[in-house]
Enquirer: 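Before we start, here is the structure in question, set down as structure tokens.
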Protein chains: 2
Amino acid sequence: MAKSTKENRKEEILEAGLEVFAEKGYYNATTAQVAEKAAISQPYVFRFFKTKEELFIAALDRAFERILQTFKNVEAKPDQLVGKMIEAYEELSESHPNEIAVQVIGISVTEKPIQDIAKKGLSQIRSYTLERFKTAGIKDSEREASTFLARGMLCNISYFLDLPELIDEKRK
Amino acid sequence: MAKSTKENRKEEILEAGLEVFAEKGYYNATTAQVAEKAAISQPYVFRFFKTKEELFIAALDRAFERILQTFKNVEAKPDQLVGKMIEAYEELSESHPNEIAVQVIGISVTEKPIQDIAKKGLSQIRSYTLERFKTAGIKDSEREASTFLARGMLCNISYFLDLPELIDEKRK
DNA sequence: TATTTTTGTAATTGATTAATCACTAAATTT
DNA sequence: AAATTTAGTGATTAATCAATTACAAAAATA
């Protein structure tokens with residue numbers, strides 16, 4: 001059995017945070033709920049994250065890091081690039097649904113430090129995608145990249161709101 | 001000078017609510033701020049809206065109603081439909097920025113009655129657009145409609161986060 | 001084994017804020 | 001002009017929760 005080091009305690013709390021934030025949103029999530037899910041006391045959360053905001057930022061940052069990394073790991077010939085990236089996104093949204101939800105939530109949180117992370121995340125995904133599309137010689141890559149991002153965002157929203165019709169163009 | 005009837009008092013509060021919600025988000029907006037903006041006392045807000053939630057719902061509902069109506073008012077020949085609808089959307093986002101912001105905010109509010117209004121709003125816009133596209137004989141109308149919605153949503157987000165690069169493909 | 005550090009909790013606080021209560025003044029109606 | 005309704009406010013309450021404090025037990029170290 002794995003020893004409970006300081007680092008994996010922090011990891012447990014972050015994971016618990018992701019779950020609670022994904023379900024309740026930022027403002028309705030309480031640090032007591034996070035603690036309960038991590039099976040520790042409420043004050044102990046603050047030994048690892050100075051504030052609730054800091055915990056949310058860690059969660060949001062992880063969500064954006066993972067999706068970016070997922071795209072970076074995609075290997076494909078130019079004409080299959082877009083398809084492969086969509087595939088990668090779909091796998092991610094099944095394997096890490098809480099991180100998708102947290103991305104949606106992060107967008108309308110008004111606390112400046114959180115909003116800044118959301119902006120950075122979206123901005124990075126957009127520029128990485130654009131560069132990748134350009135390199136692959138995709139025509140009208142600016143437009144394709146922003147459409148790609150837009151459709152991805154709408155998928156997230158569709159998932160978060162449980163409104164499948166938004167994107168369900170009868171899966172081929 | 002216009003008499004202050006009961007109805008236009010309610011309207012003033014709704015308008016104040018739209019402003020405050022757009023700026024602060026749902027959870028960080030206080031009924032005291034709404035009252036101040038409407039130049040009345042905080043308790044008086046509750047004479048017109050039973051709860052803060054009810055006020056937000058009224059605001060969100062208006063936002064979705066207006067955008068739907070805006071699309072319904074678009075007249076265009078089939079080959080100009082999409083362009084005209086984009087134009088209409090752009091005008092709306094200049095004339096009613098707070099309603100755009102409230103749409104973004106509404107999406108990640110977790111209170112069920114609010115989420116239901118957000119779902120209904122998005123759903124209606126999507127189906128109206130789809131029917132309109134179909135009628136205009138647009139090819140692959142399912143995909144075009146969801147792309148249209150997705151790009152609109154990304155515009156809203158881009159506006160709300162003040163992140164113009166997300167959509168700015170050097171306006172032609 | 002005495003000491004210090006680490007891991008953890010129970011109890012409390014301090015601030016915030018939606019919503020209610022108790023009331024007054026002004027219109028309106030009888 | 002008395003009675004009632006409408007428009008409005010100041011003061012308070014009741015609940016919630018992030019964050020702190022003040023400890024205790026266990027582990028590690030000297």
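Convention: sequence-line order gives letters A, B, ...; per-chain numbering from 1. Heavy atoms only: backbone and side chains are in, while hydrogens, waters and symmetry mates are out.
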Enquirer: Quick one: do the A:E165 and B:S123 side chains pair a donor with an acceptor below 3.5 Å?
Expert: yes

Enquirer: Checking A:S158 side chain against A:L154 main chain: does a donor-acceptor pair fall under 3.5 Å?
Expert: no

Enquirer: Could you walk me through whether A:E15 and A:K10 satisfy the salt bridge (Lys or Arg N to Asp or Glu O under 4.0 Å) test, starting with their C-alpha distance in whole Å, then the side-chain angles of each, then the deciding distance to 0.1 Å, before giving a yes or no?
Expert: CA-CA 9 Å; A:E15 193 52 49; A:K10 187 166 186 175; over 6 Å; no

Enquirer: Less than 4.0 angstrom between a side-chain N/O of A:Y44 and OP1 or OP2 of C:dG8, yes or no?
Expert: yes

Enquirer: Does the distance from a Lys or Arg side-chain N to an Asp or Glu carboxylate O, for B:E19 and B:K24, drop under 4.0 Å?
Expert: no

Enquirer: Name the pairs: protein N/O against N/O of nucleotides 16-23 of chain C, kept only if under 3.5 Å.
Expert:
{"residue": "C:dA18", "atom": "OP1", "partner": "B:A29", "partner atom": "O", "Å": "3.4"}
{"residue": "C:dA18", "atom": "OP1", "partner": "B:K52", "partner atom": "NZ", "Å": "3.4"}
{"residue": "C:dA18", "atom": "OP2", "partner": "B:T31", "partner atom": "N", "Å": "2.9"}
{"residue": "C:dA18", "atom": "OP2", "partner": "B:T31", "partner atom": "OG1", "Å": "2.8"}
{"residue": "C:dA19", "atom": "OP2", "partner": "B:K52", "partner atom": "N", "Å": "2.8"}
{"residue": "C:dA19", "atom": "N7", "partner": "B:Q42", "partner atom": "NE2", "Å": "2.9"}
{"residue": "C:dA19", "atom": "N6", "partner": "B:Q42", "partner atom": "OE1", "Å": "3.0"}

Enquirer: Give the rounded distance in Å between these two atoms: CG of B:N8 and C1' of D:dA7.
Expert: 14 Å

Enquirer: Flag this pair as yes if the NZ/CZ of B:K72 is under 6.0 angstrom from the six-membered ring centre of B:Y128 and inside a 45 degree cone about the axis; otherwise no.
Expert: yes

Enquirer: Answer yes if the side chains of A:S146 and B:R151 hold a donor-acceptor pair under 3.5 Å, and no otherwise.
Expert: yes

Enquirer: Estimate the overall bend of the helix from C:dT1-D:dA30 to C:dT30-D:dA1 from the end axes over five pairs each, rounded to 10 degrees.
Expert: 10°

Enquirer: Are B:K112 and B:D116 within salt-bridge range, i.e. N to O under 4.0 Å?
Expert: yes

Enquirer: Does A:K52 count as lying over the ring of A:Y26, i.e. NZ or CZ under 6.0 Å from the six-ring centre, within 45 degrees of the axis?
Expert: yes

